Colleague: 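For reference, the structure I am asking about is given below.
Predicted model, so just to flag it, every value in this text is computed and none were measured.
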Amino acid sequence: RDFIEKYDFRCLDLSLFEKYSKHEKFNLDKCQLRCVKINNSKNSMISLKSLNFNSNKLREFKLSNLTTLQYLDLSKNNLAIIKKSYFHNLSQLLTLKLEGNQIKKIEPEAFQALKSLRGLELEDNFIDTIFSFTFEGLQSLQKIDLRNNPIRVIEANAFLDLPQIEEISILNLNKLEFIEKNALND
């Protein structure tokens, strides 16, 4: 941590840490990071299971080919949109924390590649619409937390095909006005 604080990185390419490839966890919280790029195309980070980028200043990130990653914390950053391209080949991810950002929009199918995801935390953001197919393909998802968002509209098929879902937390300071027919159907 002293190394990172000393150099005050703005954009971090985690491939710089390849010599630590046997580590299971990287904790990079509170490092003032604005962007993170990780392309594990060489499969050098074969042991990485946990990444913590909590309380940075991330506006963008790109994670790819982290096939062993199970836990990702991107909470309390400056993310405003979740793009479909953000999560490529994170097939073992179980928990994704995105709470406390400035997220206004989640692109449809943004989470589609996260086949093993069980928990998705999106509370305390600025999401006002849950678009159709936002959570499509999350076959293992058990819990979605959307509390404390100004959600006004939930479109049809927004929560389509979630066979393992146990809990969807939506209400709590929300401004829900309209739920389209079939929004909660599987």
Side-chain angles (χ1 to χ4, degrees), residues 36 38 40 48-54 56 58-186:
V36 172
I38 303 170
N40 191 31
L48 188 61
K49 293 186 178 172
S50 175
L51 274 174
N52 180 359
F53 295 110
N54 184 325
N56 278 286
L58 293 177
R59 293 183 182 159
E60 63 178 298
F61 65 94
K62 181 154 181 149
L63 307 174
S64 41
N65 300 315
L66 295 171
T67 56
T68 58
L69 192 66
Q70 296 177 357
Y71 176 88
L72 178 59
D73 188 346
L74 293 162
S75 58
K76 298 178 183 168
N77 279 285
N78 295 331
L79 300 171
I81 185 168
I82 302 300
K83 297 180 181 180
K84 187 176 179 180
S85 62
Y86 280 173
F87 307 105
H88 178 68
N89 203 5
L90 303 179
S91 57
Q92 299 302 311
L93 193 66
L94 301 174
T95 302
L96 177 57
K97 298 179 68 142
L98 292 164
E99 76 269 12
N101 276 284
Q102 299 171 12
I103 300 169
K104 294 178 184 161
K105 181 180 179 187
I106 301 170
E107 289 184 356
E109 303 172 359
F111 305 114
Q112 191 171 33
L114 306 177
K115 302 293 185 197
S116 299
L117 194 66
R118 293 184 187 158
L120 179 57
E121 299 180 19
L122 287 160
E123 68 269 24
D124 299 316
N125 279 292
F126 298 99
I127 302 165
D128 67 355
T129 301
I130 306 294
F131 295 102
S132 298
F133 310 110
T134 296
F135 305 108
E136 183 181 24
L138 297 177
Q139 299 292 313
S140 301
L141 193 65
Q142 297 171 351
K143 180 182 176 185
I144 303 172
D145 193 340
L146 289 158
R147 291 174 296 137
N148 298 327
N149 278 288
I151 297 172
R152 299 164 72 82
V153 176
I154 300 175
E155 291 185 355
N157 301 314
F159 297 98
L160 181 69
D161 196 23
L162 300 173
Q164 302 296 320
I165 199 72
E166 295 172 4
E167 181 180 341
I168 300 173
S169 299
I170 297 175
L171 299 176
N172 187 5
L173 301 178
N174 284 313
K175 299 176 181 183
L176 193 59
E177 295 175 359
F178 187 71
I179 300 176
E180 286 187 13
K181 185 177 178 182
N182 298 326
L184 302 172
N185 274 3
D186 58 348

Colleague: For Lys104, is the NZ atom crowded, meaning more than 12 foreign heavy atoms sit under 6.0 Å from it?
Modeller: no
Colleague: Could you tell me the separation between the CD atom of Gln70 and the NZ atom of Lys49, rounded to the nearest 0.5 Å?
Modeller: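 It comes to 5.5 Å.
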Colleague: Between Glu107 and Lys83, does any NZ, NE, NH1 or NH2 come within less than 4.0 Å of an OD or OE carboxylate oxygen?
Modeller: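 A salt bridge is absent here (no side-chain N lies under 4.0 Å from a carboxylate O).
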Colleague: Let me confirm one number: the CG-OG distance from Asn54 to Ser75, rounded to the nearest 0.5 Å.
Modeller: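 These two atoms lie 3.5 Å from each other.
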Colleague: Would you confirm whether Asn125, through its side chain, and Leu79, through its main-chain N or O, come within 3.5 Å as a donor-acceptor pair?
Modeller: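 The answer is no, because no donor-acceptor pair under 3.5 Å joins these two groups.
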Colleague: Should the ring pair Phe61 and Phe87 be called parallel, tilted or perpendicular, given that the plane angle runs from 0 to 90° and is split at 30 and 60?
Modeller: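 Because their plane-to-plane angle lies in the 30° to 60° range, the rings of Phe61 and Phe87 count as tilted.
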Colleague: How long is the span from the CG atom in Leu122 to the OG1 atom in Thr134, to the nearest 0.5 Å?
Modeller: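 Spacing of CG (Leu122) from OG1 (Thr134) equals 10.0 Å.
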Colleague: Under 3.5 Å, which donor-acceptor pairs link side chains of residues 126-133 to any protein atom two or more places apart or in another chain?
Modeller:
residue: Ser132; atom: OG; partner: Glu155; partner atom: OE1; Å: 3.3
residue: Ser132; atom: OG; partner: Ala156; partner atom: O; Å: 2.5

Colleague: About how many Å separate CG of Leu90 and CG of Leu96, when rounded to the nearest 0.5 Å?
Modeller: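 One gets 9.0 Å once the value is rounded to the nearest 0.5 Å.
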Colleague: Are the side chains of Glu166 and Gln164 in contact, using a 4.5 Å heavy-atom criterion?
Modeller: no
Colleague: Once you round to the nearest 0.5 Å, how far does CG of Asp145 lie from CG of Leu98?
Modeller: 11.5 Å
Colleague: Taking C-beta and beyond as the side chain, do Phe135 and Ile144 meet within less than 4.5 Å on heavy atoms?
Modeller: yes
Colleague: With sequence neighbours left out, what residues match Arg152 under side chain to side chain donor-acceptor pair (under 3.5 Å)?
Modeller: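 Here the qualifying residues are Glu177.
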Colleague: Can a donor-acceptor pair be found between the side chains of Asn77 and Asn56 at a distance below 3.5 Å?
Modeller: no
Colleague: To the nearest 0.5 Å, what is the distance between CG (Leu72) and CG (Leu93)?
Modeller: 6.0 Å
Colleague: What are the two closest non-hydrogen atoms of Lys115 and Gln112, and how far apart are they?
Modeller: NZ-O, 3.3 Å
Colleague: When you measure from the side chain of Ser140 to the backbone N and O of Leu117, does any donor-acceptor pair fall under 3.5 Å?
Modeller: no
Colleague: Would you find a donor on one side and an acceptor on the other, under 3.5 Å apart, between the side chain of Asn101 and the backbone of Leu58?
Modeller: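 Side chain of Asn101 to backbone of Leu58: no pair is present.
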